[in-house]
Amino acid sequence: MTLSRRQFTQLLTGGALTSLLPGLSDPDQAQRVARAIEQPSRIDGEVIDYFRRVLAEHYAADKMLGPLSLLRPVLAQIDVLDELRRGAGTRHAASLLQVLAQYAEMAGWLHQDLGELENAMHWTRRAAEWSQCAGDSQMSAYLLVRQSNIACLTDDHAAVVQLAGAARRDPDALEPKLDALAAQQQARGLAMLGELDECFTLLDQAAETLRDHPQVTRQHVPVYLHSYDLDTLQEQSAVCHRAAGRADILQAQIGKLPPQPHPRPRPPHGQTRRSRRPILPRRAEPRRPPGARGAGHRPSDRLCPHSPRTTDAGWRVARALA
């Protein structure tokens, strides 16, 4: 069943949609968003800022909730934002498109965390389209890295290198930490292709960049870059050292890990704790048909980064080498 715009706004102002559009307990705020949905030409900066705040709440919730809990409201909010985009004037178009790109990137990540790689790539490409229209060059480059990351999970290592390389085409215009992340991703693809000399050259360049730029240097960069640092790079480069047979370096990295955490009781399915920090990668398994995954299947524990539980993943490598 579909709702008319008027029915939607009636539900919104009546409080029936607070699970999909949280933070609207303030009647004035609810009325402002409802008026914008009813007449997109009346959208203003406060409405756009509201959706930015909701997205920030999703990032925080991603640390605690599974993707199934977040995917439905994120997709619903994309529908609302896209409807606003269709009717808004040129004054707010760029800001709306920028926020739409951020929501679509989040949707792509959630699908990836569920192991739904086709949907993950679809939403990441939609995000790339919207960020290009918004003129957001940093987000556009980051989304090439995200597409490279998803390609890694399908074992398309050539695409991993090509997409990450495209993100670095104009490194002087990039946030330095984003350039380092793209170089790391490109190196991972090269390692899988057996091109180890170039792989380690890129990892050295990424490490030098992160040493020189421990903090982000530009405003409005993708959220993940705030937590990306030299330690993360070293953890994430394990797959390259493994491909080169450098067990000594792997052991040295493992020695830097904090003590192994005590096991926690496993929460109900779909309610695992999440983090925007990446996981130490391991080789992807062949994708199974829908419904064939075991109860312990965790698609984010595969080869590539941008997945949770970094420290736990380090201990998995330690056990594998033991």
Side-chain angles (χ1 to χ4, degrees), residues 52 55-56 59 94-95 97-106 108-109 112 120-121 123-152 156-191 193 195 198-237 239-240 276-278 281 304-307 310:
R52 287 196 179 103
L55 184 61
Y59 288 144
S95 296
L97 287 161
Q98 185 181 52
V99 174
L100 260 172
Q102 294 165 354
Y103 270 86
E105 189 276 329
M106 180 74 171
W109 156 252
Q112 179 178 337
M121 187 64 85
W123 281 110
T124 305
R125 286 172 174 163
R126 288 290 301 274
E129 174 187 319
W130 283 325
S131 69
Q132 285 280 355
C133 291
D136 189 342
S137 59
Q138 304 299 316
M139 188 64 170
S140 295
Y142 178 72
L143 288 164
L144 285 169
V145 177
R146 289 287 298 118
Q147 291 177 66
S148 173
N149 178 251
I150 298 167
C152 194
D156 189 347
H157 304 308
V160 174
V161 174
Q162 293 155 6
L163 288 162
R168 303 183 66 238
R169 191 157 290 150
D170 188 8
D172 292 338
L174 282 184
E175 158 62 40
K177 294 181 77 169
L178 177 52
D179 182 52
L181 177 64
Q184 174 203 310
Q185 183 69 19
Q186 191 175 5
R188 179 170 289 102
L190 289 167
L193 294 173
E195 300 181 27
E198 188 174 355
C199 162
F200 287 107
T201 297
L202 286 172
L203 288 178
D204 289 343
Q205 293 174 2
E208 182 178 356
T209 298
L210 291 174
R211 279 191 290 268
D212 292 341
H213 303 279
Q215 305 296 329
V216 295
T217 61
R218 298 170 187 259
Q219 293 183 332
H220 309 303
V221 298
V223 170
Y224 174 76
L225 296 179
H226 291 276
S227 62
Y228 180 63
D229 55 19
L230 190 59
D231 288 342
T232 305
L233 170 66
Q234 291 174 342
E235 293 161 1
Q236 291 296 325
S237 63
V239 66
C240 301
R276 294 294 288 182
R277 292 198 62 185
C304 295
H306 305 285
S307 302
T310 302

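Counting from 1, the numbers follow the sequence of the chain as shown.
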* pair Met139-Trp130: side-chain heavy atoms closer than 4.5 Å -> no

* Structure fact -> To the nearest 0.5 Å, atom CD of Gln215 lies from atom CG of Asp229 at 9.0 Å

* Asked: Roughly how far, to the nearest 0.5 Å, is CD of Glu198 from CG of Leu193?
  -> 10.0 Å

* **Close side-chain approach of Thr232 and Ser227, heavy atoms under 4.5 Å** => no

* OG1 on Thr124 to CD1 on Ile150, rounded to 0.5 Å -> 3.5 Å

* Under the side-chain contact (heavy atoms from CB on, under 4.5 Å) test, which residues partner His226, sequence neighbours left out? -> Val216, Val221

* Side chain Gln147, main chain Met121, donor-acceptor under 3.5 Å -> no

* Considering non-hydrogen atoms only, spot the tightest contact between Leu163 and Ala151 and give its length. => CD1-CB, 4.4 Å

* Structure fact -> Residues at least two apart in sequence or cross-chain that pass side-chain contact (heavy atoms from CB on, under 4.5 Å) with Ala206, listed by chain then number, are Ala180, Ala183, Leu233

* To do: Provide the closest heavy-atom pair for Gln185 versus Cys152 in the form atom of the first, atom of the second, distance.
  => NE2-CB, 4.1 Å

* To do: Could you tell me whether the side chain of Leu174 reaches within less than 4.5 Å of the side chain of Gln138, counting heavy atoms only?
  => yes

* Asked: Distance from Leu181 atom CG to Glu175 atom CD, nearest 0.5 Å?
  -> 10.5 Å

* Structure fact -> For Asp170, the side-chain contact (heavy atoms from CB on, under 4.5 Å) test, sequence neighbours excluded, returns Asp172, Ala173

* Asked: Quick check: does any side chain N or O of Thr209 sit under 3.5 Å from a backbone N or O of Gln205, one acting as donor and the other as acceptor?
  -> yes

* Structure fact -> Tightest non-hydrogen contact, residues Leu143 and Ser131, listed as CD1-OG, 3.6 Å

* To do: Output the distance between atom CD (Glu235) and atom CG (Leu230), rounded to the nearest 0.5 Å.
  => 10.0 Å

* **Full working for side-chain contact (heavy atoms from CB on, under 4.5 Å) between Asn149 and Gln112** => CA-CA 10 Å; Asn149 178 251; Gln112 179 178 337; 2.7 Å; yes

* Could you grab the distance from atom CZ of Arg125 to atom CD of Glu105, nearest 0.5 Å is fine? => 15.0 Å

* **Beyond-backbone contact of Val99 with Leu55, side-chain heavy atoms, under 4.5 angstrom** => no

* **Gln98: side-chain contact (heavy atoms from CB on, under 4.5 Å) partners, not counting sequence neighbours** => Arg52, Gln102, Ala134, Asp136

* Asked: Counting only N and O atoms by type, is there a donor-acceptor contact under 3.5 Å from the side chain of Arg188 to the main-chain atoms of Val160?
  -> no

* With respect to Leu178, which candidate in Tyr142, Tyr224, Tyr228 satisfies the side-chain contact (heavy atoms from CB on, under 4.5 Å) definition? -> Tyr142

* Structure fact -> Of all heavy-atom pairs linking Ala141 and Ala167, the shortest is O-CB, 3.4 Å

* Please determine, by modelled atom types, if Thr201 and Asp204 share a side-chain donor-acceptor pair under 3.5 angstrom. => no

* Asked: Do the side chains of Met106 and Trp123 get nearer than 4.5 Å, heavy atoms only?
  -> no

* To do: Output all residues satisfying salt bridge (Lys or Arg N to Asp or Glu O under 4.0 Å) with Arg168, sequence neighbours left out; order by chain, then residue number.
  => Asp179

* **Qualifying salt bridge (charged side-chain N to carboxylate O under 4.0 Å, His left out) pairs with a residue from residues 211-220, counting only residues at least two apart or across chains** => none

